[in-house]
Amino acid sequence: MRLVCCSNSSFGSAATATLPSLPCPRFPTLIANSTKSSSIRFLSSRPLRSTASSSTSRQVTRMASKNAQDQDPRLERISSAIRVIPDFPKPGIMFQDITTLLLDTEAFKDTIDLFVERYKDQNISVVAGIEARGFIFGPPIALAIGAKFVPMRKPNKLPGEVISEEYSLEYGTDIMEMHVGAVQPGDRALIIDDLIATGGTLGAAIKLLERVGVHVVECACVIELPELKGREKLGGKSLFVLVKGAA
(Lines give C-alpha, C1' and ligand atoms only; values in the text may rest on other atoms or scores of the structure.)
Protein backbone atom coordinates (compact mmCIF):
# COMPACT_ATOMS: atom_id res chain seq x y z
CA MET A 1 0.00 0.00 0.00
CA ARG A 2 1.22 3.54 -0.71
CA LEU A 3 0.02 6.82 0.66
CA VAL A 4 0.43 10.20 -0.98
CA CYS A 5 -0.13 13.70 0.32
CA CYS A 6 -1.76 15.95 -2.25
CA SER A 7 -1.73 19.72 -2.49
CA ASN A 8 -4.98 21.68 -2.69
CA SER A 9 -5.41 23.33 -6.07
CA SER A 10 -6.82 26.81 -6.43
CA PHE A 11 -10.54 27.15 -7.04
CA GLY A 12 -11.57 26.68 -10.62
CA SER A 13 -8.32 25.10 -11.79
CA ALA A 14 -8.85 22.23 -14.16
CA ALA A 15 -8.26 18.73 -12.87
CA THR A 16 -5.31 17.13 -14.61
CA ALA A 17 -4.88 13.83 -12.77
CA THR A 18 -5.41 10.70 -14.76
CA LEU A 19 -6.60 7.75 -12.88
CA PRO A 20 -7.57 3.12 -13.77
CA SER A 21 -11.10 2.12 -14.50
CA LEU A 22 -12.11 -0.73 -12.26
CA PRO A 23 -15.65 -2.01 -11.68
CA CYS A 24 -15.54 -1.55 -7.93
CA PRO A 25 -16.89 1.79 -6.69
CA ARG A 26 -15.30 1.92 -3.22
CA PHE A 27 -11.68 1.16 -2.50
CA PRO A 28 -8.63 1.50 -0.23
CA THR A 29 -6.99 3.53 2.46
CA LEU A 30 -7.47 7.28 2.81
CA ILE A 31 -5.12 10.18 3.36
CA ALA A 32 -5.86 13.83 3.64
CA ASN A 33 -5.43 16.36 0.87
CA SER A 34 -2.86 18.79 2.28
CA THR A 35 -3.28 22.50 2.88
CA LYS A 36 -0.57 24.83 4.21
CA SER A 37 -1.23 27.83 6.41
CA SER A 38 1.08 29.68 8.75
CA SER A 39 -1.85 30.32 11.08
CA ILE A 40 -2.85 26.65 11.47
CA ARG A 41 -1.81 24.66 14.52
CA PHE A 42 -0.94 21.21 13.23
CA LEU A 43 -2.02 18.21 15.26
CA SER A 44 -0.16 14.95 15.64
CA SER A 45 -1.35 12.34 13.17
CA ARG A 46 -3.70 9.51 14.03
CA PRO A 47 -4.10 6.16 12.23
CA LEU A 48 -7.03 5.59 9.93
CA ARG A 49 -9.89 3.54 11.30
CA SER A 50 -9.88 0.19 9.57
CA THR A 51 -10.79 -3.41 10.13
CA ALA A 52 -7.64 -4.36 8.19
CA SER A 53 -4.71 -6.16 9.79
CA SER A 54 -2.61 -4.57 12.53
CA SER A 55 0.44 -4.53 10.26
CA THR A 56 -1.51 -2.46 7.72
CA SER A 57 -2.62 -0.09 10.47
CA ARG A 58 0.96 0.38 11.62
CA GLN A 59 2.05 1.20 8.07
CA VAL A 60 -0.73 3.78 7.72
CA THR A 61 0.28 5.35 11.05
CA ARG A 62 3.90 5.75 10.00
CA MET A 63 3.03 7.30 6.65
CA ALA A 64 0.48 9.68 8.14
CA SER A 65 2.97 10.79 10.77
CA LYS A 66 5.55 11.58 8.10
CA ASN A 67 3.17 13.98 6.35
CA ALA A 68 1.36 15.41 9.36
CA GLN A 69 3.27 18.69 9.27
CA ASP A 70 1.84 19.44 5.81
CA GLN A 71 -1.81 18.82 6.69
CA ASP A 72 -4.67 21.04 7.80
CA PRO A 73 -5.70 19.36 11.07
CA ARG A 74 -9.32 19.29 9.94
CA LEU A 75 -8.38 17.07 6.99
CA GLU A 76 -6.52 14.73 9.30
CA ARG A 77 -9.58 14.43 11.55
CA ILE A 78 -11.82 13.71 8.56
CA SER A 79 -9.46 11.08 7.18
CA SER A 80 -9.12 9.41 10.57
CA ALA A 81 -12.90 9.32 11.05
CA ILE A 82 -13.57 7.30 7.88
CA ARG A 83 -13.56 3.56 8.43
CA VAL A 84 -12.23 1.18 5.77
CA ILE A 85 -13.95 -2.22 5.73
CA PRO A 86 -12.24 -4.95 3.67
CA ASP A 87 -14.20 -7.47 1.61
CA PHE A 88 -17.50 -5.58 1.73
CA PRO A 89 -19.93 -5.98 0.08
CA LYS A 90 -17.93 -8.76 -1.58
CA PRO A 91 -14.37 -10.14 -1.44
CA GLY A 92 -11.69 -7.83 -2.82
CA ILE A 93 -13.55 -4.59 -2.13
CA MET A 94 -12.25 -2.09 0.42
CA PHE A 95 -15.40 -0.20 1.40
CA GLN A 96 -15.09 3.44 2.45
CA ASP A 97 -17.57 3.76 5.32
CA ILE A 98 -18.59 7.36 6.04
CA THR A 99 -21.04 6.39 8.80
CA THR A 100 -18.19 6.65 11.31
CA LEU A 101 -17.51 10.18 10.04
CA LEU A 102 -21.14 11.07 10.74
CA LEU A 103 -20.76 9.79 14.31
CA ASP A 104 -17.84 12.14 14.91
CA THR A 105 -19.49 15.54 15.32
CA GLU A 106 -16.21 17.45 15.08
CA ALA A 107 -15.06 15.68 11.90
CA PHE A 108 -18.53 15.96 10.33
CA LYS A 109 -18.60 19.69 11.05
CA ASP A 110 -15.08 20.05 9.65
CA THR A 111 -16.26 18.38 6.43
CA ILE A 112 -19.19 20.75 5.96
CA ASP A 113 -17.13 23.79 6.98
CA LEU A 114 -14.42 23.09 4.40
CA PHE A 115 -16.97 22.91 1.60
CA VAL A 116 -18.81 26.02 2.81
CA GLU A 117 -15.58 28.02 3.03
CA ARG A 118 -14.78 27.11 -0.57
CA TYR A 119 -18.18 27.90 -2.08
CA LYS A 120 -19.74 30.65 0.05
CA ASP A 121 -18.56 33.44 -2.26
CA GLN A 122 -19.01 31.67 -5.61
CA ASN A 123 -22.62 32.77 -6.28
CA ILE A 124 -23.84 29.19 -6.35
CA SER A 125 -27.63 28.97 -6.62
CA VAL A 126 -28.01 25.16 -6.72
CA VAL A 127 -26.41 22.34 -4.78
CA ALA A 128 -27.21 19.10 -6.60
CA GLY A 129 -26.79 16.00 -4.44
CA ILE A 130 -26.18 12.54 -5.92
CA GLU A 131 -28.26 9.71 -4.45
CA ALA A 132 -27.79 8.68 -1.77
CA ARG A 133 -24.87 10.01 0.25
CA GLY A 134 -24.91 13.31 -1.57
CA PHE A 135 -28.18 13.85 0.30
CA ILE A 136 -26.20 13.82 3.57
CA PHE A 137 -23.61 16.45 2.68
CA GLY A 138 -25.56 18.56 0.18
CA PRO A 139 -28.38 20.08 2.29
CA PRO A 140 -26.21 21.60 5.08
CA ILE A 141 -23.87 23.07 2.46
CA ALA A 142 -26.82 24.49 0.52
CA LEU A 143 -28.33 26.08 3.63
CA ALA A 144 -25.01 27.62 4.67
CA ILE A 145 -24.32 29.24 1.28
CA GLY A 146 -27.92 30.27 0.57
CA ALA A 147 -28.55 27.86 -2.31
CA LYS A 148 -31.41 25.48 -3.04
CA PHE A 149 -30.84 21.73 -2.82
CA VAL A 150 -31.82 19.51 -5.74
CA PRO A 151 -31.76 15.69 -5.39
CA MET A 152 -30.41 13.72 -8.35
CA ARG A 153 -32.12 10.34 -8.07
CA LYS A 154 -32.24 6.82 -9.43
CA PRO A 155 -35.12 5.86 -11.77
CA ASN A 156 -38.71 5.88 -10.48
CA LYS A 157 -37.87 7.59 -7.19
CA LEU A 158 -39.21 11.08 -7.95
CA PRO A 159 -43.02 11.54 -8.04
CA GLY A 160 -43.28 14.41 -10.50
CA GLU A 161 -42.31 14.88 -14.13
CA VAL A 162 -38.61 14.16 -14.60
CA ILE A 163 -35.75 14.70 -17.01
CA SER A 164 -33.39 11.72 -17.33
CA GLU A 165 -29.81 10.96 -18.31
CA GLU A 166 -28.60 7.45 -19.12
CA TYR A 167 -24.98 6.60 -18.38
CA SER A 168 -22.71 3.59 -18.74
CA LEU A 169 -21.59 1.26 -15.99
CA GLU A 170 -18.87 -1.39 -16.16
CA TYR A 171 -21.55 -3.90 -17.22
CA GLY A 172 -24.67 -2.23 -18.57
CA THR A 173 -26.28 1.17 -18.00
CA ASP A 174 -28.15 3.16 -15.37
CA ILE A 175 -30.30 6.29 -15.34
CA MET A 176 -30.24 9.48 -13.28
CA GLU A 177 -33.33 11.66 -12.91
CA MET A 178 -34.21 15.17 -11.73
CA HIS A 179 -37.54 16.94 -11.41
CA VAL A 180 -38.50 19.18 -14.30
CA GLY A 181 -38.42 22.79 -13.09
CA ALA A 182 -36.09 22.09 -10.16
CA VAL A 183 -33.39 24.23 -11.80
CA GLN A 184 -33.52 27.14 -14.23
CA PRO A 185 -31.31 28.17 -17.16
CA GLY A 186 -28.47 30.29 -15.84
CA ASP A 187 -28.36 28.65 -12.41
CA ARG A 188 -24.85 28.06 -11.04
CA ALA A 189 -24.56 24.54 -9.64
CA LEU A 190 -22.30 22.61 -7.32
CA ILE A 191 -22.59 18.82 -7.60
CA ILE A 192 -21.87 16.96 -4.36
CA ASP A 193 -21.33 13.29 -3.52
CA ASP A 194 -19.46 11.38 -0.84
CA LEU A 195 -17.05 9.60 -3.18
CA ILE A 196 -15.84 9.59 -6.78
CA ALA A 197 -14.68 6.25 -8.13
CA THR A 198 -15.22 5.63 -11.85
CA GLY A 199 -17.05 8.96 -12.26
CA GLY A 200 -20.13 7.71 -14.09
CA THR A 201 -22.74 9.23 -11.80
CA LEU A 202 -21.03 12.62 -11.55
CA GLY A 203 -20.59 12.70 -15.31
CA ALA A 204 -24.30 11.97 -15.79
CA ALA A 205 -25.24 14.70 -13.32
CA ILE A 206 -23.12 17.24 -15.23
CA LYS A 207 -24.79 16.33 -18.55
CA LEU A 208 -28.27 16.41 -17.03
CA LEU A 209 -27.81 19.88 -15.56
CA GLU A 210 -26.12 21.31 -18.64
CA ARG A 211 -28.95 20.05 -20.87
CA VAL A 212 -31.29 22.51 -19.15
CA GLY A 213 -28.90 25.45 -19.28
CA VAL A 214 -27.28 25.21 -15.85
CA HIS A 215 -23.64 26.20 -15.42
CA VAL A 216 -21.83 23.54 -13.37
CA VAL A 217 -19.24 25.42 -11.33
CA GLU A 218 -17.55 22.38 -9.81
CA CYS A 219 -17.99 18.84 -8.52
CA ALA A 220 -17.07 18.10 -4.91
CA CYS A 221 -16.57 14.85 -2.99
CA VAL A 222 -15.32 13.88 0.43
CA ILE A 223 -13.27 10.98 -0.98
CA GLU A 224 -11.56 10.30 -4.31
CA LEU A 225 -10.17 6.98 -5.51
CA PRO A 226 -7.68 8.31 -8.08
CA GLU A 227 -6.69 4.97 -9.60
CA LEU A 228 -10.23 4.49 -10.96
CA LYS A 229 -9.83 7.52 -13.29
CA GLY A 230 -13.14 9.12 -12.34
CA ARG A 231 -11.96 12.60 -13.31
CA GLU A 232 -11.81 11.51 -16.94
CA LYS A 233 -15.62 11.18 -16.96
CA LEU A 234 -16.24 14.78 -15.90
CA GLY A 235 -15.72 16.43 -19.27
CA GLY A 236 -12.99 18.72 -18.00
CA LYS A 237 -15.01 20.01 -15.04
CA SER A 238 -13.04 20.84 -11.92
CA LEU A 239 -13.20 18.38 -9.02
CA PHE A 240 -12.55 19.28 -5.37
CA VAL A 241 -11.93 16.50 -2.84
CA LEU A 242 -10.92 16.41 0.82
CA VAL A 243 -9.20 13.03 1.09
CA LYS A 244 -7.84 10.48 -1.36
CA GLY A 245 -7.56 6.71 -1.39
CA ALA A 246 -4.45 4.91 -2.62
CA ALA A 247 -3.56 1.28 -3.24
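All values reported here derive from a predicted model rather than from experimental measurement.
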Item to check | Steps toward side-chain contact (heavy atoms from CB on, under 4.5 Å) verdict (Ile196, Leu234) | outcome: CA-CA 11 Å; Ile196 177 171; Leu234 305 186; 4.1 Å; yes

Item to check | Salt-bridge present (Glu224, Arg231; N to O < 4.0 Å) | outcome: yes

Checklist entry - Who passes side chain to side chain donor-acceptor pair (under 3.5 Å) against Asp110, sequence neighbours left out? => result Arg77

Item to check | Interatomic spacing from CD1 in Ile192 to CZ in Arg133 - rounded to 0.5 Å | outcome: 13.5 Å

Checklist entry - Do Lys237 side-chain atoms and Val216 backbone N/O form a donor-acceptor pair below 3.5 Å? => result yes

Checklist entry - Atom CD1 in Ile141, atom CD in Glu117: separation rounded to 0.5 Å? => result 11.5 Å

Checklist entry - Do Ile206 and Glu210 come within less than 4.5 Å of each other through their side chains, counting heavy atoms only? => result yes

Item to check | Side-chain (Lys148) to main-chain (Ala182) donor-acceptor, under 3.5 angstrom | outcome: yes

Checklist entry - Should Ile145 and Val127 count as side-chain neighbours, where that means a heavy-atom distance under 4.5 Å? => result yes

Item to check | Side-chain touch Phe135/Pro151, heavy atoms, less than 4.5 angstrom | outcome: yes

Item to check | Check against side-chain contact (heavy atoms from CB on, under 4.5 Å), Asp187 and His215 | outcome: CA-CA 6 Å; Asp187 272 336; His215 171 61; over 6 Å; no

Checklist entry - How far apart are the C-alpha atoms of Leu195 and Val222, what are their side-chain angles, what is the distance that settles it, and do they pass the side-chain contact (heavy atoms from CB on, under 4.5 Å) test? => result CA-CA 6 Å; Leu195 178 145; Val222 180; over 6 Å; no

Item to check | Close side-chain approach of Leu101 and Asp194, heavy atoms under 4.5 Å | outcome: no

Checklist entry - Are any of the side-chain heavy atoms of Cys221 and Leu202 separated by less than 4.5 Å? => result yes

Next on the checklist: Working note: Glu218 + Arg118, criterion salt bridge (charged side-chain N to carboxylate O under 4.0 Å, His left out); need CA distance, chi angles, decisive distance, verdict.
Outcome noted: CA-CA 11 Å; Glu218 193 165 68; Arg118 184 172 180 84; 2.9 Å; yes

Item to check | Val84 backbone acceptor or donor facing Asp97 side chain under 3.5 Å | outcome: no

Checklist entry - Going from CG on Leu239 to NZ on Lys233, what distance comes out if it is rounded to the nearest 0.5 angstrom? => result 13.5 Å

Checklist entry - Step by step, would you call Ile191 with Met152 a side-chain contact (heavy atoms from CB on, under 4.5 Å)? => result CA-CA 9 Å; Ile191 303 175; Met152 313 288 281; 5.8 Å; no

Checklist outcome for this item: Closest heavy-atom pair, Val214 versus Gln184, reported as atoms and distance to 0.1 Å, is CG2-O, 3.7 Å

Next on the checklist: Quick check: do Ile93 and Asp87 have side-chain heavy atoms less than 4.5 Å from each other?
Outcome noted: no

Checklist outcome for this item: Heavy-atom nearest pair, Phe149 first then Ala128, reads CE1-C, 4.5 Å

Item to check | Student check: side-chain heavy atoms of Met176 and Lys207 closer than 4.5 Å | outcome: no

Next on the checklist: Is any side-chain heavy atom of Ile223 closer than 4.5 Å to one of Ile98?
Outcome noted: yes

Item to check | Same apolar cluster (I L V M F W Y, side chains within < 4.5 Å links), Val243/Ile112 | outcome: yes

Checklist entry - Would you say the side-chain atoms of His179 pair up with the backbone N or O of Gly160, donor to acceptor, closer than 3.5 Å? => result yes

Next on the checklist: To the nearest 0.5 Å, what is the distance between NZ on Lys120 and CZ on Phe115?
Outcome noted: 15.5 Å

Checklist outcome for this item: Rounded to the nearest 0.5 angstrom, the CZ-OG1 distance for Phe108 and Thr100 is 12.0 Å

Item to check | Glu165 CD to Glu177 CD distance, which is reported to the nearest 0.5 Å | outcome: 11.0 Å

Checklist outcome for this item: Here the pair of heavy atoms bringing Tyr119 nearest to Cys219 is OH-O, 4.2 Å

Checklist entry - Are Leu208 and Ile175 connected in the hydrophobic side-chain network, where two residues link if heavy atoms are under 4.5 Å apart? => result no

Checklist entry - Do side-chain atoms of Asp104 reach the backbone of Ala107 as a donor and acceptor pair under 3.5 angstrom? => result yes

Checklist outcome for this item: Taken in chain and number order and not counting sequence neighbours, the residues that satisfy side chain to side chain donor-acceptor pair (under 3.5 Å) with Asp113 are Lys109

Checklist entry - If you link I, L, V, M, F, W and Y whenever their side-chain heavy atoms are under 4.5 Å apart, who else ends up in the same group as Leu158? => result Val162

Checklist entry - Would a distance-only check, ignoring hydrogens and angles, find a side-chain to backbone donor-acceptor pair under 3.5 Å from Ser125 to Arg188? => result yes

Next on the checklist: Grouping I, L, V, M, F, W and Y whenever their side-chain heavy atoms are under 4.5 Å apart, do Leu169 and Ile130 come out in a common cluster?
Outcome noted: yes

Checklist entry - With distance as the sole test, does Glu131 use its side chain to make a donor-acceptor pair with the main-chain N or O of Lys154 at under 3.5 Å? => result yes

Item to check | Backbone N/O of Leu75 and side chain of Ser79: donor-acceptor pair under 3.5 Å | outcome: no

